[in-house]
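In the text below, chain A, chain B and the rest are named by the order of the sequence lines, each starting its count at 1.
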Amino acid sequence: MMRALILLPLLLAGCDDDPSAAARALISANGCGTCHQIPEFDGADGVTGPPLTAMSRQVYVAGVVPNTLEALTAFIADPQAIDPRSAMPDLNLSQDEARLIAQYLYAVGEGS
Amino acid sequence: MRIMLVSLGSLAAAGVLAFVAGGFYDITAIKQHPAWVFHAIGIGRDTLVALQADADEVPEDFAPVADARNVALYRKHCTQCHGAPGVAPEEFALGMMPVPSNLVAAGRERPPEEIYWFIRYGLKMSGMPAWSMRMSEADMWRITALVEAFPTLSPEAYAELVEAGPQQLDSMTSVAEAGPFTPFGNPERGRKAMQVHACPQCHMIEGIVGRSDLHVGPPLDDAGARKYIAGVVPNTPENMIRWIMHPQEVDPLSAMPDLGVSEGIARDMAAYLYAIAGTGHASVGAAPVDPR
């Protein structure tokens, strides 16, 4: 009980480390919006790749594998591992970074 | 007076809604409509078909013909649901609602232009598909000729024709000649072709009524303007046509299925995609032009 009380403020403090802010920073730094439409992102209106405006509802990732958070993370981290012919560039993101972006895309837009 | 009519109408609509939404109307395929609804639908359908079927001219040399080729065509496209003399429909079709019509009876009761009308245009909510743009005119008339010949064909004679004919027609024979190949695509025909090739089952497409929250394939409103097709090849008219016809040639892993689209039809579809994306070459010419 005592321990939980001590831990509680720490947990709350952790919330300041907003994962969606981290994801937004990654999306911005990697220029995702130059090729994709991304919800709640100024200037992210590219038409090179498909719109990412309803990612949580999408049936497939990249039109080739069933859409799960795992598959989306894997595709962002290493697109050619999912589809060797994909035009999506490998951005050298770590698994954790890719997961942050995938979670963000699931959380925003239509169907979120 | 007008207010009274409007309120009466609203009341009636609300009543129908409550009736259906309240589960008082059976929408399952287990039970047919009440007899009076069933007969009312039939009368309405037959009146409309008789009126509309006159618009399609029956070829001058038309005659009922039961031969091996017509039977092979019929077996490829029709038996699954309708059965044939002495042949049951496929298992899945037995539970359809409405039960697909018996075409021996249809051949007795309906003139050729009506049979052709059903084949070409299909019938909403009946399970009957439109074969327009997926079967050649000639083949639609061949099947009409067979249906008109059914009333004089014994199950035994039908079985002999099945034996005599090719067991499995090349699936593309009838489809390839369905759309005339033209050097320039016709966007309006492309729009219609997308409907009868089931594109709205997976895609949201501007100008085609469908679900507004469908995300199986990408929305196609901007497909003509996107830099890549399927995220794999540069967007050129020639690549677009190849992609529509043979998706796995472009990307073997793609979930987009090969729908047996003929080249002329694929060109029309591409023309429609470029038209709604406003890329400036709605009529897909023979010479490919980079859309960007």
* Which pair of non-hydrogen atoms, one from Val216(B) and one from Tyr60(A), has the smallest distance, and what is that distance? ->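 Reported closest heavy-atom pair: O-CD1, 3.7 Å.
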* Asked: Taking all atoms of both residues into account, what is the closest heavy-atom pair of Arg226(B) and Gly49(A), and its distance?
  ->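 Residues Arg226(B) and Gly49(A), closest heavy atoms: CD-O, 3.4 Å.
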* Decide if atom CZ of Phe24(B) counts as having more than 12 heavy atoms of other residues, nucleotides or ligands within a radius under 6.0 Å. => no
* Is atom CD of Gln80(A) surrounded by more than 12 heavy atoms (other residues, nucleotides or ligands) closer than 6.0 Å? ->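 Enclosed: over 12 neighbouring heavy atoms sit under 6.0 Å from CD of Gln80(A).
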* Residue part contacting chain A, namely of Val233(B), when any heavy atom lies under 4.5 Å -> neither
Should [X] and [Y] count as side-chain neighbours, where that means a heavy-atom distance under 4.5 Å?
| X | Y | answer |
| --- | --- | --- |
| Lys227(B) | Cys35(A) | no |
| Arg57(A) | Asp213(B) | yes |
| Ile82(A) | Leu253(B) | no |

* **Approximate separation, where rounding is to 0.5 Å, of Gln37(A) CD and Asp222(B) CG** =>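 Rounded to the nearest 0.5 Å, the CD-CG separation comes to 6.5 Å.
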* Asked: Which bit of Glu110(A) comes within less than 4.5 Å of chain B, counting heavy atoms only: side chain, backbone, both or neither?
  -> side chain
